[in-house]
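The next block holds one structure in the form of structure tokens; read it before the comments.
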Amino acid sequence: MTKTAFLGLGAMGAPMAAHLARRAQETGGRALVWNRTPGRAEAHASAHGSHAATLEELASADVIFTCLPTSAEVDDLIGALEAQLRPGTLWVDCTSGHPEAAPRQRERLAARGVGFLDAPVSGGTGGAEAGTLTVMIGGPEAEVEAARPHLAFAGLVVRVGETGAGFAVKAVNNVLLAANLWVAGEGLATLVRAGVDAGAALEVINASSGRSNVSQNLIPQRVLTREFPATFALGLLAKDAGIAMDLVQTGKGSAPVLAQVAGLTRAAAQVVGPEQDHTAALKLIEQFNGVEIK
């Protein structure tokens with residue numbers, strides 16, 4: 001009987017853990033869940049058939065998943081659990097973590113005979129709920145293959161390299177999201193100031209070469225409607241863009257456009273609010289231009 005544990009029941013983690021619970025029910029396994037707020041784990045257990053566990057119980061799992069805000073929180077949990085972990089356990093970190101943290105975390109867990117994979121995800125809350133997330137994994141191929149059968153929330157699983165590569169790809173993916181979001185916002189604000197309806201403009205753009213996921217999905221569903229539903233926090237996008245800039249500096253590369261986007265995203269988080277949905281970054285562009293994108 002395989003026992004999985006999922007730590008971190010936020011907007012992404014809760015539906016991801018629900019897929020693990022359903023898989024456990026189908027296979028006769030057991031799915032443990034934990035959250036810093038115990039009531040959230042208890043509610044998850046009631047709704048999905050998982051088991052709200054103590055930290056001590058989590059250490060008995062065969063596969064441990066984490067999905068937390070930053071690598072620092074993962075370090076704290078490793079510290080809390082490492083003395084009780086069993087050799088042969090596999091730790092799969094779905095946090096959008098820092099590439100420099102992954103080798104250190106892997107080495108720390110390896111001292112206990114525990115494997116470690118950095119396995120952040122992409123696809124948003126919709127993908128988490130549908131079980132169609134893209135998982136980008138860094139780590140040894142044998143451990144990746146051992147993890148695959150347990151990734152019940154995934155639609156696509158890609159091993160992108162050795163330890164730290166998963167976090168690196170996630171950071172660059174998200175700074176590209178920020179770039180697409182920002183330039184689309186600037187373009188649409190320019191058109192609105194010129195008297196063009198943003199919805200009509202998007203109809204053209206989305207049938208033309210300027211289209212992106214931002215223009216096709218995020219702006220129509222969140223910005224034009226003025227809903228800005230809180231799914232992926234703007235502060236977390238700014239954090240990920242910052243990680244991408246750390247990668248540029250570590251590799252002694254040059255990415256001036258991405259650096260500009262990272263700075264603008266950080267400013268938007270400070271002005272609009274880090275807890276706001278990432279699409280609310282366009283509110284800062286609207287302030288710059290004295291218009292609403294609608």
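Model, not experiment: these values are computed from the prediction. Atom set for the values below is all heavy atoms of this structure, side chains included, hydrogens, waters and symmetry mates excluded.
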Ser122 vs Asn173, test: side-chain contact (heavy atoms from CB on, under 4.5 Å). Steps then yes/no. CA-CA 9 Å; Ser122 182; Asn173 177 77; 3.8 Å; yes

Step-by-step side-chain contact (heavy atoms from CB on, under 4.5 Å) determination, Trp34 to Glu57: CA-CA 10 Å; Trp34 178 91; Glu57 290 176 299; over 6 Å; no

As a quick check of understanding, evaluate salt bridge (charged side-chain N to carboxylate O under 4.0 Å, His left out) for Arg148 and Glu145, giving each step before the final call. CA-CA 5 Å; Arg148 281 184 189 274; Glu145 293 308 310; 2.9 Å; yes

Hey, mind stepping through Asn213 and Leu218 against side-chain contact (heavy atoms from CB on, under 4.5 Å) and telling me if it holds? CA-CA 7 Å; Asn213 180 59; Leu218 295 183; 4.1 Å; yes

Please walk me through it: do Leu68 and Asp93 pass side-chain contact (heavy atoms from CB on, under 4.5 Å)? CA-CA 9 Å; Leu68 299 166; Asp93 187 20; 5.9 Å; no

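A 4.5 Å side-chain heavy-atom check between Pro103 and Thr163 finds at least one atom pair inside the cut-off. At a threshold of 4.5 Å between non-hydrogen side-chain atoms, the residues Asp62 and Leu90 do not count as touching. Residues Leu282 and Leu188 are not in side-chain contact: their nearest non-hydrogen atoms beyond the backbone lie 4.5 Å or more apart. Taking the side chain as every heavy atom from C-beta outward, Phe288 and Glu186 never approach each other to under 4.5 Å. Contact check for His278 versus Leu177: side-chain heavy atoms found under the 4.5 Å cut-off. Residues Arg112 and Arg86 are not in side-chain contact: their nearest non-hydrogen atoms beyond the backbone lie 4.5 Å or more apart. Counting heavy atoms from C-beta outward, Leu181 and Val261 have side chains that stay 4.5 Å or more apart. At least one side-chain heavy atom of Val144 sits less than 4.5 Å from a side-chain heavy atom of Leu117.
Between the Thr95 side chain and the Gly97 main chain, no donor and acceptor come within less than 3.5 Å of each other. Between the Asp118 side chain and the Gly164 main chain, a donor and an acceptor come within less than 3.5 Å of each other. Side chain of Ser212 to main chain of Val214: a donor-acceptor pair is present (N/O by atom type, distance under 3.5 Å, no hydrogens or angles). In this structure a side-chain-to-backbone donor-acceptor pair under 3.5 Å is present from Ser208 to Val204. A side-chain donor-acceptor contact under 3.5 Å links Asp197 to the backbone of Ala200. Side-chain atoms of His44 come within 3.5 Å of backbone N or O of Ala14 as a donor-acceptor pair. Although no hydrogens or angles enter the test, the distance criterion places a donor-acceptor pair under 3.5 Å between the side chain of Asn206 and the main chain of Ser215.
For CZ of Arg193, the number of neighbouring non-hydrogen atoms (other residues, nucleotides, ligands) closer than 6.0 Å is 12 at most. For Arg266, the CZ atom counts as loosely surrounded, since its 6.0 Å shell holds 12 or fewer non-hydrogen atoms of other residues, nucleotides or ligands. Within a 6.0 Å sphere centred on CZ of Arg36, heavy atoms belonging to other residues, nucleotides or ligands number 12 at most. In the displayed structure, Glu275 atom CD is contacted under 6.0 Å by more than 12 heavy atoms of other residues, nucleotides or ligands. At most 12 non-hydrogen atoms from other residues, nucleotides or ligands lie less than 6.0 angstrom from CD of Glu203.
Put simply, Val291 and Leu224 are part of two different groups of oily side chains (I, L, V, M, F, W, Y) that touch within less than 4.5 Å, one to the next. Connection of Ile293 to Leu264 is established within a shared hydrophobic cluster, with ILVMFWY side chains joined at heavy-atom distances below 4.5 Å, either directly or through further cluster members.
Rounding to the nearest 0.5 Å places NE2 of His48 at 9.0 Å from CG of Leu9. Taken to the nearest 0.5 Å, the OG1 atom of Thr37 stands 10.5 Å off from the CD atom of Glu42. Rounding to the nearest 0.5 angstrom, the gap separating the CD atom in Gln105 from the CG atom in Leu109 is 7.5 Å. Summarising the geometry, atom CD1 belonging to Ile64 is positioned 9.5 Å from atom CD1 belonging to Ile78; distances are rounded to the nearest 0.5 Å. Thr265 OG1 to Leu234 CG: the interatomic distance, rounded to the nearest 0.5 Å, is 7.0 Å. To the nearest 0.5 Å, atoms CG (Asp277) and NZ (Lys283) are separated by 9.5 Å.
Judged by distance alone, the side chains of Thr231 and Arg222 do bring a donor and an acceptor atom under 3.5 Å apart. One side chain, Trp91 or Thr66, offers a donor N or O that lies under 3.5 Å from an acceptor on the other. A donor-acceptor contact closer than 3.5 angstrom is absent between the side chains of His98 and Ser71.
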Please tabulate, for the side chains in residues 126-143, all donor-acceptor contacts under 3.5 angstrom to protein atoms that are two or more places apart in sequence or on a different chain.
| unit_1 | atom_1 | unit_2 | atom_2 | d |
| --- | --- | --- | --- | --- |
| Glu143 | OE1 | Arg106 | NH1 | 2.9 |
| Glu143 | OE1 | Phe116 | N | 3.3 |
| Glu143 | OE2 | Arg106 | NH2 | 2.9 |

Could you tabulate the donor-acceptor pairs under 3.5 Å formed by side-chain atoms of residues 250-257, not counting sequence neighbours?
| unit_1 | atom_1 | unit_2 | atom_2 | d |
| --- | --- | --- | --- | --- |
| Thr250 | OG1 | Glu100 | OE2 | 3.3 |
| Thr250 | OG1 | Asp246 | O | 2.9 |

Identify all side-chain donor-acceptor contacts of residues 238-245 below 3.5 Å with residues at least two apart in sequence or on another chain.
| unit_1 | atom_1 | unit_2 | atom_2 | d |
| --- | --- | --- | --- | --- |
| Lys239 | NZ | Pro69 | O | 3.2 |
| Lys239 | NZ | Ser96 | O | 2.6 |
| Asp240 | OD2 | Asn174 | ND2 | 2.7 |

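Closest approach of Val33 and Ala17 over heavy atoms only: CG1-CB, 4.0 Å. Ala53 and Leu58 get closest at one heavy-atom pair: CB-CD2, 3.9 Å. In plain terms, the two heavy atoms of Cys94 and Cys67 that are nearest each other are O-SG, 4.2 Å. What you find for Gly49 and Gln25 is that their closest heavy atoms are CA-NE2, 3.5 Å. Here the closest heavy-atom approach between residue Ala189 and residue Ile285 is recorded as CB-CG2, 3.9 Å. Residues Leu284 and Ala267 approach most closely at CD2-C, 4.2 Å, considering heavy atoms.
Phe153 and Phe6 have perpendicular rings, their planes meeting at more than 60° on a 0 to 90° scale where under 30° would count as parallel.
A salt bridge does not link Arg104 with Glu107: none of the charged nitrogens is closer than 4.0 Å to a carboxylate oxygen.
Each of Leu176, Val248, Leu247 was checked for a side chain to side chain contact (heavy atoms under 4.5 Å, CB included) with Leu258, and the lone residue meeting it is Leu176.
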